[in-house]
S.K.: 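The structure's right below; bear with me while I get my questions together.
Proteins get letters first, then strands, A, B, ... in listed order; numbering begins at 1 in each.
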Amino acid sequence: MALDKVQIAQRIAKELQDGFYVNLGIGIPTLVANYIPEGIDVVLQSENGLLGMGPFPYEGEEDADLINAGKQTITTLPGSAIFDSAMSFGMIRAGKVHLTVLGAMEVADNGDIANWKIPKKLVKGMGGAMDLVASAKNIIVAMQHTNPKGESKLLSNCTLPLTGVGCVKKVVTDLGVFDINEHGFYCIEIAPGVTADEIKAKTAGRLVIADDVKKMVV
Amino acid sequence: MALDKVQIAQRIAKELQDGFYVNLGIGIPTLVANYIPEGIDVVLQSENGLLGMGPFPYEGEEDADLINAGKQTITTLPGSAIFDSAMSFGMIRAGKVHLTVLGAMEVADNGDIANWKIPKKLVKGMGGAMDLVASAKNIIVAMQHTNPKGESKLLSNCTLPLTGVGCVKKVVTDLGVFDINEHGFYCIEIAPGVTADEIKAKTAGRLVIADDVKKMVV
Amino acid sequence: MGLNKVVKNAEEAIHDIKSGVTIMLGGFGLCGIPENCINALAATDLNGLTCISNNAGVDNFGLGLLLKKHQIKKMIASYVGENAEFERQLLSGEMEVELIPQGTLATRCLAAGYGMPAIFTPAGYGTECAEGKEVREFNGKQYLMEYAFDADYAIVKAWKGDTQGNLIFKDTARNFNPLMAMAGKITIAEVEELVPVGELDPNFIHTPGIYVHRIFQGTNYEKRIEQRTVRKRN
Amino acid sequence: MGLNKVVKNAEEAIHDIKSGVTIMLGGFGLCGIPENCINALAATDLNGLTCISNNAGVDNFGLGLLLKKHQIKKMIASYVGENAEFERQLLSGEMEVELIPQGTLATRCLAAGYGMPAIFTPAGYGTECAEGKEVREFNGKQYLMEYAFDADYAIVKAWKGDTQGNLIFKDTARNFNPLMAMAGKITIAEVEELVPVGELDPNFIHTPGIYVHRIFQGTNYEKRIEQRTVRKRN
């Protein structure tokens with residue numbers, strides 16, 4: 001059985017290391033915060049200008065002046081720091097954020113990513129996505145393996161306008177975990193109940209199933 | 001009688017306008033702070049990271065953490081702000097400081113200034129001088145008209161290594177006040193007891209005595 | 001005297017703004033936007049404005065109010081969802097929009113405030129955002145050269161400010177506000193609380209008054225929340 | 001755990017520094033210098049260091065201690081007066097010095113901390129400082145392109161800091177400290193007072209802990225004053 005969104009987030013949470021500063025995008029990436037492993041301390045960065053993002057506020061305690069990059073009301077944790085948007089993207093560009101997790105419409109087998117614009121549809125804008133993908137040392141994409149039409153989102157070349165080039169290091173989908181390296185999509189884990197053949201059938205880009213591919217522990 | 005240092009500072013103080021942010025260099029420029037005209041509010045910037053510099057502290061109230069760019073102990077005034085060196089030079093480069101007053105070894109009739117280095121003598125460094133002269137909207141030089149050997153410091157071309165090019169707008173010396181414009185040194189005021197001939201004799205650069213040149217009021 | 005930057009209200013603060021100028025406006029979404037000045041601008045007949053702001057408000061609040069009255073000729077922003085009227089004007093060609101990466105937007109403000117004519121950022125390299133831009137390699141990585149903004153006015157919202165224009169911001173309502181405050185030829189700050197000089201600790205000023213030309217205490221802040229998200233108490 | 005950046009003292013903080021590396025050190029004159037770490041460095045046999053600091057201390061204090069022991073191979077600074085031993089080593093060719101404008105020094109730190117590979121400044125254009133540097137015109141004005149610093153370590157002194165490395169600075173002891181804190185591959189902060197997380201107001205952090213790798217509470221701060229200047233009471 002393919003993974004659901006929560007399971008994708010849970011799998012990505014295993015990539016967190018003690019002491020990491022992490023930026024989580026909107027959607028599945030946001031869920032990662034709920035599954036930080038026991039014994040691991042991480043700090044969440046919100047690119048509108050906050051390190052040390054805490055959980056959503058209790059009802060009645062929302063503060064209009066305290067939101068995350070998704071414009072949701074949030075809280076701060078002890079040790080948090082507030083800064084302006086230039087410093088926020090400054091620390092991102094300088095590689096101080098260890099890990100960025102974000103969603104995508106398409107990923108290419110060379111690490112290109114497209115997640116901001118669909119031609120002929122309304123463009124809302126790239127927000128901070130182009131800065132994040134161009135700068136982060138380590139980028140994991142969380143997404144469904146195929147689009148609603150059943151077409152692969154793991155491609156040889158992105159068909160949509162790019163957000164960044166050659167930047168994605170790892171993709172976690174409902175079907176498996178894929179490093180992006182000289183092999184293209186290098187499958188290192190397969191979701192429970194999913195077969196290598198299914199992954200092959202649903203992956204349009206270059207794909208190699210690792211010899212020592214593991215069944216994902218959920 | 002030529003002006004003394006205090007009189008040079010007093011004359012420069014008349015250039016201050018209400019609401020000006022001003023950076024005063026070491027030496028005669030520092031004295032300008034003592035002669036701010038009645039009814040005029042100015043804010044002194046110290047390029048090590050302070051707006052709103054106040055007078056020296058009372059004996060026993062010195063604070064090692066509160067110094068000016070000359071490394072002297074100082075105080076802050078109500079309304080002061082502290083910032084890092086990048087913001088300090090940022091506001092200087094952005095032209096937010098209305099007036100910079102500094103000393104010089106030589107000034108050329110095109111506005112070039114030399115005030116940081118004498119070849120074959122020990123070089124201490126330019127500190128913030130190159131940033132200030134390259135960026136300030138309005139630069140007044142306060143200096144003696146001649147060097148200890150009696151040679152003019154107002155030249156056609158600086159002989160010493162430059163601090164900045166074409167940047168000085170006005171020079172106030174012990175002998176007079178000189179705008180720097182298409183005429184070169186354009187003498188608009190002559191110190192009491194000084195003659196136009198003396199100024200001509202002691203000025204090596206292009207010099208024009210203004211038709212409406214005034215006797216300086218001291 | 002000259003250092004007292006206080007004006008009476010938003011109307012006085014914006015009195016000399018002319019049609020066709022470029023205005024930066026602080027805020028991220030609806031968080032930390034200069035509500036009073038936006039309302040005052042919406043009450044004028046100004047038009048042909050170029051607005052630089054991370055977002056474009058919502059249909060009936062924030063910059064959405066200026067959009068509705070067709071006062072904005074061009075919008076420079078990083079994200080402009082949440083606004084149906086915006087969409088309509090964009091598709092109909094009534095308004096021009098330039099979308100730029102959020103970090104580029106922030107850093108072009110910083111560059112203006114720090115007197116740096118251009119900066120380099122990797123954001124947008126290899127994408128359509130790079131079209132027409134100079135690309136330069138440093139240490140094996142490709143960067144775009146982006147220019148400092150050149151805005152006639154910056155309008156920001158602060159938490160507290162003093163009469164000399166020193167500002168402090170609260171929580172993530174800081175966002176672009178201190179950057180834009182530095183970047184305007186004329187900077188207008190509206191504050192929730194205007195205090196006498198000397199009341200703010202000089203060590204904790206976010207925007208030194210040298211960058212601020214006009215300041216006033218705003219009124220009736222609505223502080224609308226775009227995405228109210230809460231958790232239940234156990 | 002991973003976010004606890006606390007080390008015991010200066011010796012532990014600098015334990016892995018090797019000869020020949022590049023170290024930035026905060027401070028302006030003797031104001032806000034990391035006294036504990038400088039003393040600890042002077043007690044080692046490290047040499048061949050490249051030091052980036054606005055000044056070079058005085059003969060028997062601050063970086064002067066490292067100079068005296070010939071630990072510094074190259075000094076990058078804006079002003080190096082007040083130091084006879086420095087002068088001697090410079091004239092004898094034992095040490096190399098690169099003098100750069102103070103604003104350039106500050107902005108090259110900022111560039112490193114903000115991931116900007118180069119910046120433009122007019123400072124030094126047309127002077128010998130411009131030799132070998134790329135000149136570029138923007139809006140009719142000439143600028144030099146200057147590169148971000150690339151320092152192995154940054155050592156800074158803060159007023160207070162928490163165990164996650166968040167820092168605040170006091171008065172003009174701030175100077176280059178927050179800039180260098182952002183610019184080091186490894187950043188060491190010594191603080192006058194180390195406090196638990198949660199004690200510093202998030203709105204008034206000067207250096208967010210993400211930039212700081214090691215922190216300790218220093219001891220026996222001398223805080224020498226270079227130019228004690230006072231006025232008499234009336």
S.K.: Pick one of side chain, backbone, both or neither for D:Arg228, based on which atoms fall under 4.5 Å of a heavy atom in chain B.
M.R.: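 Looking at D:Arg228, backbone and side chain both touch chain B.
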
S.K.: Just so I know, are the side chains of D:Thr104 and B:Asp131 near enough to count as touching, which here means a heavy-atom distance under 4.5 Å?
M.R.: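 They are in side-chain contact.
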
S.K.: Taking the side chain from D:Thr127 and the backbone from B:Thr163, do they hold a donor-acceptor pair closer than 3.5 Å?
M.R.: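 No, the answer is negative, given that no donor and acceptor are paired below the 3.5 Å cut-off.
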
S.K.: Roughly how far apart are B:Lys124 NZ and D:Leu99 CG, rounded to 0.5 Å?
M.R.: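 Going from the NZ atom of B:Lys124 to the CG atom of D:Leu99 covers 12.5 Å.
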
S.K.: Any side-chain heavy atom of D:Lys170 within less than 4.5 Å of one from B:Asp63?
M.R.: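 Side-chain contact under 4.5 Å: yes.
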
S.K.: Nearest 0.5 Å, please: how far is CG in B:Leu66 from CD1 in D:Ile225?
M.R.: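 Reported to 0.5 Å precision, the distance equals 10.0 Å.
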
S.K.: Can you tell which of B:Gly164, B:Ser85, B:Ala64 has the highest number of heavy-atom pairs within less than 4.5 Å of chain D?
M.R.: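 Ranked by contacts with chain D, first place is B:Ser85.
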
S.K.: Rounded to the nearest 0.5 Å, what's the gap from CZ on D:Phe28 to OG on B:Ser46? Could you check?
M.R.: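 These two atoms lie 7.0 Å from each other.
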
S.K.: Looking at B:Glu62 and D:Lys223, is there a salt bridge between them, counting it only when a charged N and a carboxylate O are closer than 4.0 Å?
M.R.: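 Not counted as a salt bridge, because no side-chain N and carboxylate O are separated by less than 4.0 Å.
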
S.K.: Do D:Glu192 and B:Asp65 have side chains that get closer than 4.5 Å, going by heavy atoms?
M.R.: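 With C-beta onward as the side chain, the pair touches.
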
S.K.: With rounding to the nearest 0.5 Å, note down the distance linking OG1 in B:Thr75 to CZ in D:Arg231.
M.R.: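 Answer rounded to 0.5 Å: 5.5 Å.
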
S.K.: Taking B:Thr73, B:Asn48, B:Thr76, B:Asp112 one by one, which has the highest count of heavy-atom pairs under 4.5 Å against chain D?
M.R.: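 Top count of heavy-atom pairs under 4.5 Å with chain D: B:Thr73.
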
S.K.: Is it the backbone or the side chain of B:Val133 that comes under 4.5 Å from a heavy atom of chain D, or both, or neither?
M.R.: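 Contact with chain D: none, neither part.
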
S.K.: Quick one: are B:Met126 and D:Tyr79 in side-chain contact, heavy atoms under 4.5 Å?
M.R.: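 The answer is no; the side chains never approach within 4.5 Å.
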
S.K.: As an exercise: rank B:Lys71, B:Met130, B:Gln72 by heavy-atom pairs under 4.5 Å with chain D and give me the winner.
M.R.: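 Greatest number of close heavy-atom pairs with chain D: B:Lys71.
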
S.K.: Give, as side chain, backbone, both or neither, the part of B:Phe89 having an atom under 4.5 angstrom from any heavy atom of chain D.
M.R.: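 When you check distances to chain D, only side chain atoms of B:Phe89 fall under 4.5 Å.
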
S.K.: With chain B as the partner, which of D:Leu30, D:Asn177, D:Asn83, D:Asn175 has the greatest number of non-hydrogen pairs under 4.5 Å?
M.R.: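 Counting heavy-atom pairs under 4.5 Å, the top option is D:Asn175.
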
S.K.: Which bit of D:Asn55 comes within less than 4.5 Å of chain B, counting heavy atoms only: side chain, backbone, both or neither?
M.R.: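 Only the side chain of D:Asn55 comes within 4.5 Å of chain B.
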
S.K.: Looking only at heavy atoms, which two atoms of D:Pro178 and B:Asp84 are closest? And how far apart?
M.R.: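 That closest heavy-atom pairing would be CG-CB, 3.7 Å.
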
S.K.: Among D:Ala123, D:Cys129, D:Gly124, who wins on heavy-atom pairs under 4.5 Å with chain B?
M.R.: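 The residue among D:Ala123, D:Cys129, D:Gly124 with the greatest pair count is D:Ala123.
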
S.K.: Could you report the tightest heavy-atom contact between D:Thr229 and B:Pro57, atom names first, then the distance?
M.R.: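 For D:Thr229 and B:Pro57, the tightest heavy-atom pair comes out as O-CD, 3.2 Å.
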
S.K.: What part of B:Ser80 gets within 4.5 angstrom of chain D, counting heavy atoms only: side chain, backbone, both, or neither?
M.R.: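 Neither; nothing under 4.5 Å.
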
S.K.: With rounding to the nearest 0.5 Å, note down the distance linking CG in B:Leu50 to CZ in D:Arg174.
M.R.: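 Going from the CG atom of B:Leu50 to the CZ atom of D:Arg174 covers 10.5 Å.
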
S.K.: What is the minimum heavy-atom distance between B:Pro161 and D:Glu128, and which atoms define it?
M.R.: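 Taking B:Pro161 first and D:Glu128 second, the nearest heavy atoms are CB-OE1, 3.6 Å.
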
S.K.: Contact part of B:Glu47 toward chain D, heavy-atom cut-off under 4.5 Å: side chain, backbone, both or neither?
M.R.: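 Contact with chain D involves both backbone and side-chain atoms of B:Glu47.
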
S.K.: Using atom types as modelled and distance alone, determine if a side-chain donor or acceptor of D:Thr172 lies under 3.5 Å from a backbone N or O of B:Gly49.
M.R.: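 Such a contact is absent between D:Thr172 side chain and B:Gly49 backbone.
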
S.K.: Quick check on B:Asn68 against chain D: is it the side chain, the backbone, both or neither that has a heavy atom closer than 4.5 Å?
M.R.: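 It is the backbone, since no side chain atom gets that close.
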
S.K.: Please check if the number of heavy atoms outside B:Ile26 that lie under 6.0 Å from its CD1 is greater than 12.
M.R.: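 Count not over threshold, so no.
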
S.K.: Most heavy-atom pairs under 4.5 angstrom with chain B, which of D:Gly126, D:Pro122, D:Ala77?
M.R.: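 Of D:Gly126, D:Pro122, D:Ala77, D:Pro122 has the most heavy-atom pairs under 4.5 Å with chain B.
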
S.K.: Can you tell me if B:Lys5 has over 12 outside heavy atoms packed within less than 6.0 Å of its NZ?
M.R.: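 Not more than 12 within 6.0 Å, no.
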
S.K.: For each of D:Ile100, D:Leu91, D:Asn54, tally heavy-atom pairs with chain B at distances under 4.5 Å, and name the one with the top tally.
M.R.: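 Ranked by heavy-atom pairs under 4.5 Å with chain B, first place is D:Ile100.
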
S.K.: Distance check, rounded to the nearest 0.5 Å: B:Arg93 atom CZ versus D:Ile119 atom CD1?
M.R.: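 Between B:Arg93 CZ and D:Ile119 CD1, I get 6.0 Å after rounding to 0.5 Å.
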
